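See below for the structure under consideration.
This structure is a prediction, so every number in the text was calculated from the model and none was measured. For reference, positions follow the sequence shown, starting with 1.
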Amino acid sequence: PERDLNDSTSRAGSRARFFGVQLLVVDDSPDLLDLVKRSFEREGHEVRVAPTLERARSQVRAKVPDVLVLDVELPDGSGVELCRELRSAHAYFPILLLTAHGEVHERVAGLDAGADDFLAKPFAVAELRARVRALARRGPLERPAVVRVGTVELDMTARRALQGERELPVTAREWAVLDLLVSRAGRVVSRSTILESVWGEESEGASASLDVIMARIRRKLGSDALRTVRGEGYVVDVG
């Protein structure tokens, strides 16, 4: 890849970071994996790497990423096929494909397989960071419209919460928090991520408001619907 010569300058000059991204990068180039891993980790994100499709599958099973960066040409197969496989298994996280060619037919095949974005090699790390930022903020593009959390059915499109035939009142701010948690169901979502995504800041006032919102959500959905992972954040399990 093209090394980002202004990397340190851009980091010092801009701190408008996105928070809590769990990134999985799949590529057979050790140099590229090392460069990308160091670049994202300097911004405080969790980065896992895999050099093959087999390792990538294992990594996804172990921990679902927020964003998957996936090379098209790998030693044991095509990244496009893994993309199609993940979408068939209802994996909703964004996928960015890396391609050495960037030809139209290759992009079409990737989009048909369910990819969200493309980046041609060689690339500047700054551009990769920008694209991952955009995908992480956008979140999953495809997920069930209706999910069940404990005994409550959440219609994420209509923004209705039903317990049996009784509709539960949910405020706009509570929906915003629930939408984020459900989009990352089964994974820990840090307080920083919630505050930055929903409140747009990490002030004391926003943090106190988050505590109130979490208490309300627990009362409405049930104490077991929302798990707290001490020192890390919150998890919602959907059915």
Side-chain angles (χ1 to χ4, degrees), residues 1-4 7-8 10-11 14-74 79-80 82-83 85-87 89 91-99 110 113-143 180-181 183-197 229 232-235:
E2 175 186 330
R3 290 189 176 269
D4 187 356
D7 192 43
S8 60
S10 61
R11 289 199 315 276
S14 175
R15 295 300 179 184
R17 303 188 320 189
F18 57 109
F19 292 83
V21 171
Q22 298 173 10
L23 183 66
L24 174 59
V25 184
V26 185
D27 195 281
D28 61 345
S29 167
D31 290 340
L32 184 146
L33 292 179
D34 180 64
L35 178 62
V36 172
K37 182 175 174 64
R38 287 188 291 106
S39 178
F40 278 90
E41 286 182 341
R42 279 197 296 264
E43 291 192 337
H45 310 299
E46 179 183 330
V47 184
R48 294 175 296 147
V49 299
T52 64
L53 293 178
E54 182 180 2
R55 290 281 297 278
R57 291 186 182 95
S58 176
Q59 291 273 26
V60 170
R61 284 194 297 268
K63 190 173 188 180
V64 176
D66 292 324
V67 179
L68 171 62
V69 175
L70 177 62
D71 190 24
V72 169
E73 298 179 2
L74 291 160
V80 172
L82 176 59
C83 181
E85 176 185 317
L86 290 169
R87 294 308 190 216
Y92 305 122
F93 50 82
I95 299 175
L96 184 153
L97 291 180
L98 299 177
T99 172
D116 299 281
D117 198 4
F118 275 87
L119 186 58
K121 296 179 177 180
F123 56 83
V125 177
E127 182 177 3
L128 176 62
R129 287 202 306 267
R131 288 173 182 255
V132 169
R133 256 197 313 273
L135 290 173
R137 284 172 175 157
R138 187 168 66 189
L141 297 180
E142 176 187 4
R143 66 179 180 211
L180 178 60
L181 292 172
S183 75
R184 302 184 183 187
R187 290 175 284 164
V188 177
V189 183
S190 70
R191 286 181 66 90
S192 293
T193 298
I194 299 172
L195 290 169
E196 184 69 18
S197 299
V229 180
E232 295 189 42
Y234 305 93
V235 182

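Not counting sequence neighbours, the partners of Arg57 by the side-chain hydrogen bond (donor to acceptor under 3.5 Å, both in side chains) test are Glu85. Residues satisfying the side-chain hydrogen bond (donor to acceptor under 3.5 Å, both in side chains) criterion with Glu41, sequence neighbours excluded, are Lys37. Considering only residues two or more places apart in sequence or on other chains, Asp34 meets the salt bridge (charged side-chain N to carboxylate O under 4.0 Å, His left out) condition with Arg38. With sequence neighbours excluded, the residues satisfying side-chain hydrogen bond (donor to acceptor under 3.5 Å, both in side chains) with Arg131 are Asp117, Glu127. Residues passing the salt bridge (charged side-chain N to carboxylate O under 4.0 Å, His left out) test with Arg191, sequence neighbours excluded: Asp211. Taking the salt bridge (charged side-chain N to carboxylate O under 4.0 Å, His left out) definition, one finds that Glu73 meets it with nothing, sequence neighbours left out. In terms of the side-chain contact (heavy atoms from CB on, under 4.5 Å) criterion, residue partners of Val235 (sequence neighbours excluded) are, by chain and number, Val188, Arg227, Val229, Asp237. Contacts of Ser58 classified as side-chain contact (heavy atoms from CB on, under 4.5 Å), with partners at least two apart in sequence or in another chain: Arg61. Partners of Leu33 according to the side-chain contact (heavy atoms from CB on, under 4.5 Å) rule, which considers only residues two or more places apart in sequence or in another chain, are Val25, Asp27, Val49. With sequence neighbours left out, the side-chain contact (heavy atoms from CB on, under 4.5 Å) criterion links Val64 to Phe93, Arg187.
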> Given the rule in the side chain to side chain contact (heavy atoms under 4.5 Å, CB included) test, do Val189 and Tyr234 qualify, once you have shown the distances and angles that lead to the verdict?
Replying inline: CA-CA 5 Å; Val189 183; Tyr234 305 93; 5.5 Å; no
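Listed for the Ser39 side chain is no donor-acceptor partner under 3.5 Å among the backbone atoms of Leu35.
The distance from atom CZ of Arg87 to atom CG of Asp116, rounded to the nearest 0.5 Å, is 5.0 Å. The CG atom of Leu98 sits 7.5 Å away from atom CG of Leu70, with the distance rounded to the nearest 0.5 Å. Annotation: the span from Arg129 atom CZ to His45 atom NE2 amounts to 9.0 Å, rounded to 0.5 Å. Rounding to the nearest 0.5 angstrom, the gap separating the CG atom in Leu53 from the CG atom in Leu74 is 5.0 Å. Between atom CZ of residue Phe40 and atom CZ of residue Arg133 there is a gap of 8.0 Å, rounded to the nearest 0.5 Å. One finds the CG atom of Asp71 at 12.0 Å from the OG1 atom of Thr52 (value rounded to the nearest 0.5 Å).
Contact detail for Leu82 and Ala56: the closest heavy-atom pair is CD2-CB, 3.9 Å. Residues Cys83 and Gly114 approach most closely at SG-C, 3.7 Å, considering heavy atoms.
Side-chain contact between Leu24 and Gln59 is present, with heavy atoms from C-beta onward closer than 4.5 Å. Looking at Phe123 and Leu32, their side chains come closer than 4.5 Å, going by heavy atoms from C-beta outward. Taking 4.5 Å as the limit, every side-chain heavy atom of Glu46 sits out of range of all side-chain heavy atoms of Asp66.
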